[in-house]
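Presented below is the structure to which this report refers.
A quick note: this is a predicted structure, and the numbers were derived from the prediction, not measured. Here is how names work: the chains are called A, B, and so on, in the same order as the sequence lines, proteins then strands, and each is numbered from 1. Basis for what follows: all heavy atoms, side chains included, without hydrogens, waters or symmetry-related copies.
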Amino acid sequence: MEKSAQSTGVDFVHAVKEACLAAAITFGVLLPLIGFETVSNIDNKLVLHTRWGLLFTIVAIVGVGRLLMALVIAPRLAQRRIRPVAATAPSWLLLIGRWFAPFAIGFAIVYPVLAMGLTGFSGALKWVDNFGIQILIYVMLGWGLNIVVGLAGLLDLGYVAFYAVGAYSYALLAKNFGFSFWILLPLAGILSSFWGILLGFPVLRLRGDYLAIVTLAFGEIIRMVLINYVDLTNGYAGIGGIPRPSFFGLPFTADDDGFAAVFGLPFTPVYRTLFLYYLILALAFLTAFVTVRLRRLPVGRAWEALREDEIACRSLGINTTNTKLTAFAIGAMFGGFAGSFFAARQGFISPESFTFLESATVLSIVVLGGMGSQVGVAIAAILFIGGTEIMRDLDFLKQIFGPSFDPTQYRMLLFGFGMVIIMVFRPRGLISTREPSIFLKERKAISSDLVKEGHG
Amino acid sequence: MEVFLQQLINGITLGSIYGLIAIGYTMVFGIIGMVNFAHGDVFMVSAFVAMIAFLFVTTWLGIASITVALLIVLIVAMLFTSGVNWVIERLAYRPLRGSFRLAPLISAIGMSIFLSNFVQVTQGPRNKAIPPMVRGEFILLDSNNYAVALSYKQLIIWGITAVLLAAFWYLVAKTRLGRAQRACEQDQKMAALVGVNVDRTISMTFVIAAALAAVAGTMYLMYYGVVSFSDGFVPGVKAFTAAVLGGIGSLPGAVVGGLLIGLIETFWSAYFTIDYKDVAAFSVLAITLIFLPQGLFGRPDVEKV
Amino acid sequence: MAGRGDILLNVEHLTMRFGGLVAVDNLSWHARQGDITALIGPNGAGKTTVFNCITGFYKPTEGRISLRHGDATVWDELDSLTERGKRHITTANGSLFQLERMPDFLVTQKARVARTFQNIRLFAGMTLLENLLVAQHNSLMVQSGYTLLGVLGFPSYRRAESAAVDRAREWLNRVGLIDRADDPAGDLPYGAQRRLEIARAMCTDPVLLCLDEPAAGLNARESAELNELLLSIRDQYGLSILLIEHDMSVVMEISDHVIVLDYGVKISDGTPEEIRNDPKVIAAYLGVDDEDVEKVEAEVGL
C-alpha cells in the first residue's frame, strides 16, 4: 500500500512532464496548419491570418487530456489488467450473439414502418432513404467484398470498379435499349463477374500488399476510362435520366397507370422509396443467404483454406487459380447487383461516385466489422455510414461553434480518424472470432489469434 | 528533336520529385513491410507547410532574397513535416506493429483520408496559388521557332535533388543510423538483441522519409505555384509506382523508378494524349507488379515450400 | 505384405538447378508398390527438393518422374507417353502419369500423390473436421454440382457431405483425435498436428503418400506411435509410402527400401540392413572421407 502511494507521487511529476511534452509536440505539429490560415484577399492574393486562439485551445485540450490519461485512466486500466479476465464470454453476451441476427433481420423489415410511425409519413422519407437504403447498399457491398477479402483472404482495393461496372451496365443498357430493371439486374451481375475474372486473372500470382495496389490501379484505370471515354459514358457530366425500376410493370408515377393510381392510393414519392428500401433489403439478404450457403460448400471451405495456407491447398489437389477466380467473380457479382441498384435509385451516375474513397470505405467496413463475420460487417456499415450521415444533421453544433461552422466538412475527417482509432484498439475488427462451417458435436467459435488473414 | 529535348528536361524535373517521394515508400516498406498509404498526403501537407512558410517569410519577415527565402522555406518544411510523420508513426502505426497484417494498411488509409480532410478543413477546399518564386530560364537551343528552355527553377530542382540524394546516401550507407536501418530490415528481433533500438530506428526512418517528401513538396510548390488538399493521392500513387518499378526496398531503384515515371508521364502527354496520362502511370504500376514484381533492382521473392 | 511389389514410382535422371546451385544431380531411383521407401541424407542433401519435384511444386530442370495406376504392364507405354508430350495416358490396364509435366494440384487430384510438409501446414484457424473436409474438396466439388446445385440446396450434396464427414470421423478416430474434432487445428500440440496432417493427406485418397520428416520434433513414444500408424496404413490400404526422415529409429524400423542422398547425388540404395553397413553412408553422415571412417568410428566409439 505504501509503495503504491509512493509511486503515485513520482507518477504525478512524470505525468505533468508527459503532459507538457504532449502539449509541446501538438503545438509544434499544428503550428503551420492551424496557427496560420491562408486566405485570398481582394486582389486574389494569398495572405496569412493567424488563429492563435484555436491553436492554444487544442494544445490545452491535448495537454490536459494527456495529464488525465496518465493520472486517472491509465491506473484504472492497469488495475483492470491485474484482475483475472474471465476465460469465456459472459452468458448475456452469448445470448445477444445468438439472437442478434434474427432480431436485426426483424428490425430491418419493420424499420420503415417504425420510421413512419415516429416521424410521420413524409418525414420518414429521409430516414428510410438516407439511412436505410444508404446503409443497406454498403452492407451489401461489404458482404460482397467480404467473400473476396474476409473468406478468400485476397486483399482488393479496387472493389468499386465492379460497383461502377454494374451501375454503368444498367444505366447504358436501360437508356439505350430500354430493357427493364429486372432483366438488367442479373445481366449487370454477370457483366461485373466477367470483369472480376478478367481483372482477377493477371493478379493471381501476387500476394498481400502488391495485390492490393494492383487492384487499386485497376479500379482507378476503370474510373479514368469512364471519365475519358466521353462518347460512351458522357465523361464527368455523367448519365442522367436513368429509368427507374417499376413495381412489376407499374411505374411509381402520378399517372393513371402508376402504382398509386392502380392501388387506389393517393400519390406520394414515399411508395417508391419504400419499394427501393425493400428491394435493397432483399438483395442484401440474398447476398447473405448465398454467402452462408457458400461457406458450407466445398468452394467456400476452399476459400477459407486458401486464406489459411495456399501451398497446403495445392498439396490437397485444390485448383487455387479457379478458387481465387470464383471468389473474385462472386464478390464482383454482388458488387454489380449493388451498382445497378444504385443507378436505378439515383437516376443519375457519374465517375465521381466511384472513387478510391468508396473502395476504401467498403474495405474498412469489412476489416472493421471483423473479416469473415457477416454480423460484424453489418454493424460496421451501420456505424460508419449511419455515423457519417448523422454528421450531416448536426445543425445544433452551429450554435456552439458559430454559424460558419459546417458539420458536413468534418464527416470525412472523423471517418479517417475513426479508421485509425478502431484499428489501434481493435485490429481484428469488432467481431474477430470465426464460426466453423460445420461441427461434429459442438459449435465452438475460433479465436482470431489462430485465424490467418491470407497473404494474397 | 527540340520537342524531345524539352520533354526530357521536363520529365527529369518531374521524375526528381517522384523519386524523392518514392524513397519514402521504399524505406518504410523495406523496414516494416508496410505500404505507407498516407505518404502521398504527407507530401501534400509538406507543400502546404512550405506555402505558409513562404508567405510568412516574404510578407511578414519581408525577406527579399529569394535564395535565403527558399532555403528557409525548405528547412521549415522539412522540420515540420518530419514532426508530423513522427507523430503519425507514433499514434497510428507503432501500436499496430506485430499485429494483424491488414491493420497498418487500413490505419494508413484512414490516416490518408484524415490528412487530406484535415488540410481541407483548416486551409479551405480551394486551390492555393502563390506568386512565382523563381523566374527566368536558359535558352538551350532555338531553331524552327521552338526554343528548348531550361528554367532556373528546374535547375534548382535538379541541384537540390542531387545534393540531398548525396547526403541521404551518406546517411544510409555510412552512418550508425543507416547500419541500424539495414539491420532492422533483415531481422528486427536479431537487431534488437545486438543492441539496435528498433523503435527509434523505425521512427527515424519515418522522419527521413518525411524530410525527403518535404523537399519534394517544396519543389512541387515552387514548380507549379499551386497546391490543393487533394494533391496527395495521385503523386503518391505515382511515386509508389516509381518505388515498385525500381524494386521496392531498393533506394537507387526508387530514384531510377522516379525518373522513369516522370519521363513516361511527360512523353506520354507530349506524344499521345494528355487525357489518359494518369492511366499511363497506373498501367505501368499494374504491368510492373504483374510481370516484374521484384522491379528493376529488387531481389526476387522465392516461394518457399 | 511387406513383400516388394512392382515399380510404382520411377525417377530417372532427375536434375534440379537453382541458378548456379545444383541441388539434385542426375538422380535415378524407384519406389515399389506397397513399400515404405525412405529418402535419407545429411542436411542440404536435396531430399526436400526431390519431394517438391515429385509433388509438382518445383519443375525439374531435367529428368522424368513417372507414376503408375493399375497393372504393371502399363509401364510399356512410358516411352510413347513421353514421346507424345502428354501428361498422362490411360489404357485398359491402368494409367501412367508423367508427374514433372503436371502442375502441383493435378499431381494430387489426378495422379493421387499426397504429401505433408516439413514445417506443418495445417489450416490453423479451421477445425480438425474442416481440415479433413477441405482434403476431400475435389469429390465434394463434383457432388455439389460445381457449387451450383449446392447453393440451390439439392439433397445430393447433403448426402455427399455426410459421407465425407463419416470418412473424416474415421480418420480422426484412427489418429486418436476424434475428441478434438471441433477444435481449431492450430490449438493442437505438435505431435497431434503431425498426425492430423497425415490424416488430412490420407483423405485425398492417395496411392502414394509422401511424408517430409514426419517424426521431426516428436518424442520417443510419439515416434513409436507414428511407426505403428504408418505400418497400419500401409498394410490396410496397400498404400505406398515415401518418406524423408532424420530419425534413424523410424527409418530402420519401418522402411523396406532406403535411398541415401548426399549433395544431390545418390550414394547408396538398398534395404535398411545394407544401408546400415555401407561405409559411404557412414562417411557422409560423419562428414569425413571414406578411408577415414574406421578411424573416426574408433574415436567416437562406434
What residue in B:Gly83, B:Ser283, B:Ser107 has the most heavy-atom pairs under 4.5 Å with chain A? B:Ser107
Could you go step by step and tell me if B:Tyr93 and A:Met423 meet the side chain to side chain contact (heavy atoms under 4.5 Å, CB included) rule? CA-CA 9 Å; B:Tyr93 308 146; A:Met423 276 302 104; over 6 Å; no
To check you understand the geometry: which heavy-atom pair defines the closest contact between A:Val424 and B:Leu91, and what is its length? CG2-O, 3.7 Å
Between A:Ala360 and B:Ile109, the two heavy atoms sitting closest are CB-CG2, 3.7 Å
Using non-hydrogen atoms and a 4.5 Å limit, figure out which bit of A:Thr50 sits close to chain B: side chain, backbone, both or neither. side chain
Within residues 38-49 of chain B, the residues sitting under 4.5 Å from chain A by heavy atom, in sequence order, are B:Val45, B:Phe48, B:Val49
Taking only residues at least two apart or on different chains, which pairs with a member in residues 76-86 of chain B satisfy side chain to side chain donor-acceptor pair (under 3.5 Å)? none
If we define contacts as heavy-atom pairs under 4.5 Å, which of B:Thr59, B:Ile130, B:Thr122 has the most with chain A? B:Thr122
If you tally heavy-atom pairs under 4.5 Å against chain B, which of A:Leu48, A:Val39, A:Ile421 wins? A:Leu48
Among A:Val420, A:Leu413, A:Leu414, which one satisfies side-chain contact (heavy atoms from CB on, under 4.5 Å) with B:Phe114? A:Leu413
Under a 4.5 Å heavy-atom cut-off, does chain B meet the side chain of A:Leu30, its backbone, both or neither? side chain
Are A:Leu155 and B:Leu105 close enough, and set up right, to give a side chain to side chain contact (heavy atoms under 4.5 Å, CB included), and what steps lead you there? CA-CA 11 Å; A:Leu155 187 48; B:Leu105 184 73; 3.5 Å; yes
What's the shortest heavy-atom distance between A:Phe36 and B:Gln123, and which atoms? O-NE2, 2.8 Å
What part of A:Arg51 gets within 4.5 angstrom of chain B, counting heavy atoms only: side chain, backbone, both, or neither? side chain
Heavy-atom distances under 4.5 Å only: say whether B:Met51 touches chain A with side chain, backbone, both or neither. side chain
Region of B:Ala129 that comes under 4.5 Å of a non-hydrogen atom in chain A: backbone
Just so I understand: if I count every heavy-atom pair under 4.5 Å between each of A:Gly35, A:Gly416, A:Gly429 and chain B, which residue has the most? A:Gly416
Can you name the nearest heavy-atom pair linking B:Ile52 to A:Pro32, along with the distance? CD1-O, 3.3 Å
Whether over 12 other heavy atoms sit under 6.0 Å from B:Tyr271 OH: yes
Output for pair (A:Phe201 CZ, B:Ile290 CD1), nearest 0.5 Å, gives 12.5 Å
Indicate yes or no for a side-chain donor-acceptor contact from B:Lys128 to the backbone of A:Leu46 under 3.5 Å, with no hydrogens or angles considered. no
Need one label for A:Glu37: side chain, backbone, both or neither, based on atoms under 4.5 Å from any heavy atom in chain B. both
Measure A:Ile213 against the heavy atoms of chain B and call it side chain, backbone, both or neither at under 4.5 Å. both
Shortest non-hydrogen contact from A:Phe415 to B:Ile113? CE2-CD1, 3.9 Å
Can you list every pair that meets side chain to side chain donor-acceptor pair (under 3.5 Å) and has a residue in residues 224-236 of chain A, with sequence neighbours left out? none
Is B:Val35 in contact with chain A via its backbone, its side chain, both, or neither, using a 4.5 Å heavy-atom distance? both
Please determine whether side chain to side chain contact (heavy atoms under 4.5 Å, CB included) holds for the pair B:Phe282 and A:Leu216, giving the CA-CA distance in whole Å, both sets of side-chain angles, and the decisive distance to 0.1 Å. CA-CA 9 Å; B:Phe282 282 109; A:Leu216 182 152; 4.0 Å; yes
Could you walk me through whether A:Leu363 and B:Ile106 pass the side chain to side chain contact (heavy atoms under 4.5 Å, CB included) check? CA-CA 8 Å; A:Leu363 180 68; B:Ile106 300 291; 3.6 Å; yes
To the nearest 0.5 Å, tell me how far A:Leu33 CG sits from B:Phe118 CZ. 5.5 Å
Verify the ring-centre separation between A:Phe356 and B:Phe37: is it less than 6.0 angstrom? yes
Portion of A:Leu157 that has a non-hydrogen atom of chain B nearer than 4.5 angstrom: side chain
Closest heavy-atom pair and its distance - A:Val214, B:Ala286: CG1-CB, 4.3 Å
Do you know which of B:Val121, B:Leu285, B:Val84 has the most heavy-atom pairs with chain A at a distance under 4.5 angstrom? B:Val121
Turns out that what part of B:Val76 lies under 4.5 Å from chain A's heavy atoms comes down to neither
For B:Arg97, enumerate each residue passing the salt bridge (charged side-chain N to carboxylate O under 4.0 Å, His left out) test, keeping only those at least two apart in sequence or located in another chain. B:Glu89, B:Asp199
Greatest number of heavy atom pairs closer than 4.5 Å to chain A - which of B:Phe56, B:Phe291, B:Phe233: B:Phe233
Taking C-beta and beyond as the side chain, do A:Val47 and B:Leu55 meet within less than 4.5 Å on heavy atoms? no
